[in-house]
Amino acid sequence: MPITTPKDMFARAYAEGFAVGGFNVNNMEIIQGIMQAGTAEQSPLILQVSAGARRYAGQEYIIKLMEAGLAENDLPVCLHLDHGQNFEICKDVIDGGFSSVMIDGSHLPYEENIALTKQVVAYAHDHGVWVEAELGQLAGVEDDVDVEHSVYTDPDQAAEFVGRTGCDSLAIAIGTSHGAYKFAGEAKLDFDRLEKIAALLPGYPIVLHGASSVPQHFVEMANQYGAEIGGAKGVPENLLRKAAASAVCKINIDTDIRLAMTATIRKYLAEHPSHFDPRQYLTVARDAVRDMVAHKIRTVLGSSNKI
Ligand code: G3H
Ligand code: 13P
Ligand code: ZN
């Protein structure tokens, strides 16, 4: 199946109360693990590439790996730029064949965010490419952007922002954050705010960043085999399921992939001290990504059998 845009995925996700996973990809094993899970679950997928992933793997490699995955798996898959920082990066990946881009002007003053988003929307729509924008700020580290305190999205401003920019989906801040340390105390999301935004933008797809659940069995496994990841805490799966059943059509997951791979590789190497062939520990890491993503699709996103 050729690369698709999120349009039909999100229309169905909105109508049927599920969300599509926006999974961050950085190398072959991650792409293969996610694609295997998507095929096993017959789920649509969004594979997303950050600026860091482009620096690490190189855009050409990532695109070719994704194309290889698409040739082997008959699934609707969208290739998405995660946290595009400026117009040039967005243009570059649109010209390179991505079907969706995020322009992240959330760190800019409101009017500058609008102007930048409009510029990307004009170019992207000319090329049939979807645009995700962001309003409000998540706490934590977003690639090159480090936000110390979150600023929740204002519902009226969100509606105005969508109207003025013409962006196709909107990432909002309602309490999630990037990384493995999301909540010092009780995990909470501002569902009232989400409902207000959804009421002002009926039928419009909302995106949740920073939505890893930080599975404790991976944290414990990593720590048992030498890691020091104390106090890591994610968004509970029941809150994500509730969000997926609402206007949230895309849920971003990166940290859980990192944890699945790292915990599994640490365990494998500790239990097989004489092994040094990367294919051995990368095989179990890839399987861990596959199983974690399949679980996520089935029980959190609800996107199984929605292709
Ligand atoms: O939003 C951030 C994603 O987890 C990507 O992280 O920029 O380190 O690749 P990265
Ligand atoms: P996590 O750090 O919660 O996995 O969030 C990833 C993300 O939002 C990528 O844009
Ligand atoms: Zn993000």
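Please read all numbers here as calculations on a predicted model, not as lab measurements. Whatever order the structure lists them in is the order used to number ligands and atoms, beginning at 1.
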Show me a pair-per-line table, with atom names and distances to 0.1 Å, of protein N or O atoms that are under 3.5 Å from an N or O of ligand 2.
unit_1, atom_1, unit_2, atom_2, d
ligand 2, 2 (O), Gly179, N, 2.8
ligand 2, 2 (O), Thr255, OG1, 2.6
ligand 2, 3 (O), Lys182, NZ, 2.5
ligand 2, 3 (O), Ala211, N, 3.2
ligand 2, 3 (O), Ser212, N, 3.0
ligand 2, 4 (O), Ser212, OG, 2.6
ligand 2, 4 (O), Asp254, N, 2.7
ligand 2, 4 (O), Thr255, N, 2.7
ligand 2, 4 (O), Thr255, OG1, 3.4
ligand 2, 5 (O), Gly210, N, 3.3
ligand 2, 8 (O), His178, NE2, 3.0
ligand 2, 8 (O), His209, ND1, 3.4
ligand 2, 8 (O), Gly210, N, 2.8
ligand 2, 10 (O), Asp82, OD1, 3.0
ligand 2, 10 (O), Asp82, OD2, 2.7
ligand 2, 10 (O), His83, NE2, 3.2
ligand 2, 10 (O), His209, ND1, 3.1
ligand 2, 10 (O), Asn252, ND2, 3.2

Once you restrict to heavy atoms under 4.0 Å, what part of [X] touches ligand 1? Side chain, backbone, both or neither.
| X | answer |
| --- | --- |
| His209 | neither |
| Arg55 | neither |
| Asn24 | side chain |

Next item on the list: Return yes if some donor-acceptor pair links the side-chain N/O of Lys182 with the main-chain N/O of Val235 below 3.5 Å, else return no.
Entry: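 Flag not set: sc Lys182 to bb Val235 has no pair under 3.5 Å.
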
Next item on the list: Check for a donor-acceptor pair, side chain of Tyr14 on one end and backbone N or O of Ala247 on the other, with a separation under 3.5 Å.
Entry: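 Between the backbone of Ala247 and the side chain of Tyr14 there is no qualifying donor-acceptor contact (under 3.5 Å).
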
Check: Less than 4.0 Å between a side-chain N and a carboxylate O, is that true for Arg54 and Asp92?
Finding: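 A salt bridge is present here (some side-chain N lies under 4.0 Å from a carboxylate O).
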
Note to self: Using a strict threshold of under 4.0 Å (side-chain N to carboxylate O), is an ion pair present between Arg241 and Glu237?
What the structure shows: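 Between Arg241 and Glu237 there is no salt bridge, as every charged N stays at least 4.0 Å from the carboxylate O atoms.
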
Notebook entry, point to check: Has Met102 got any heavy atom lying under 4.0 angstrom from an atom of ligand 1?
Noted result: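 Contact absent.
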
Next item on the list: Please step through side chain to side chain donor-acceptor pair (under 3.5 Å) for the pair Tyr110 and Asp154, ending with a clear verdict.
Entry: CA-CA 11 Å; Tyr110 182 61; Asp154 177 79; over 6 Å; no

Next item on the list: Determine, step by step, whether Tyr268 and His275 satisfy the side chain to side chain donor-acceptor pair (under 3.5 Å) criterion, reporting the C-alpha distance in whole Å, the side-chain angles of both residues, the deciding distance to 0.1 Å, and the verdict.
Entry: CA-CA 9 Å; Tyr268 184 90; His275 289 191; 2.6 Å; yes

Margin query: Counting only nitrogen or oxygen atoms and a 3.5 angstrom limit, does His178 reach ligand 1?
Written below: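 Yes, His178 has an N/O under 3.5 Å of an N/O on ligand 1.
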
Next item on the list: Answer yes or no: does an N/O atom from Asn26 fall short of 3.5 Å to an N/O atom of ligand 1?
Entry: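 No, no N or O pair falls under 3.5 Å.
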
Note to self: Please name the atom of His209, limited to N, O or S, that comes nearest to the Zn ion (ligand 3).
What the structure shows: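 Checking each N, O and S atom of His209, the shortest distance to the Zn ion (ligand 3) belongs to ND1.
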
Which donor-acceptor pairs under 3.5 Å do the side chains of residues 224-231 make with protein atoms, sequence neighbours left out?
unit_1, atom_1, unit_2, atom_2, d
Tyr225, OH, Glu271, OE2, 3.3

Note to self: Students often mix this up, so state it plainly: with edges at 30° and 60°, are the rings of His83 and His209 parallel, tilted or perpendicular?
What the structure shows: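 Perpendicular, since the angle between the ring planes exceeds 60°.
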
Item checked: Numbered atoms and elements of ligand 1 in range of Asp254, under 4.0 angstrom, heavy atoms ->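 Contacts of ligand 1 toward Asp254, numbered from 1: 3 (C), 4 (O), 5 (C), 6 (O).
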
Margin query: Closer than 4.0 Å to some heavy atom of His83 - which atoms of ligand 1 meet that?
Written below: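 Reading through ligand 1 atom by atom, the close ones are 1 (O).
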
Notebook entry, point to check: Tell me the salt bridge (Lys or Arg N to Asp or Glu O under 4.0 Å) pairs involving residues 8-31, sequence neighbours left out?
Noted result: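 Matches after skipping sequence neighbours: Arg12-Glu16, Glu16-Lys306.
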
Note to self: Holding to side-chain hydrogen bond (donor to acceptor under 3.5 Å, both in side chains), I want the full list of residues that pass it with Asp168, two or more places apart in sequence or in another chain.
What the structure shows: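 In terms of side-chain hydrogen bond (donor to acceptor under 3.5 Å, both in side chains), with neighbours along the sequence ignored, Asp168 is linked to His125.
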
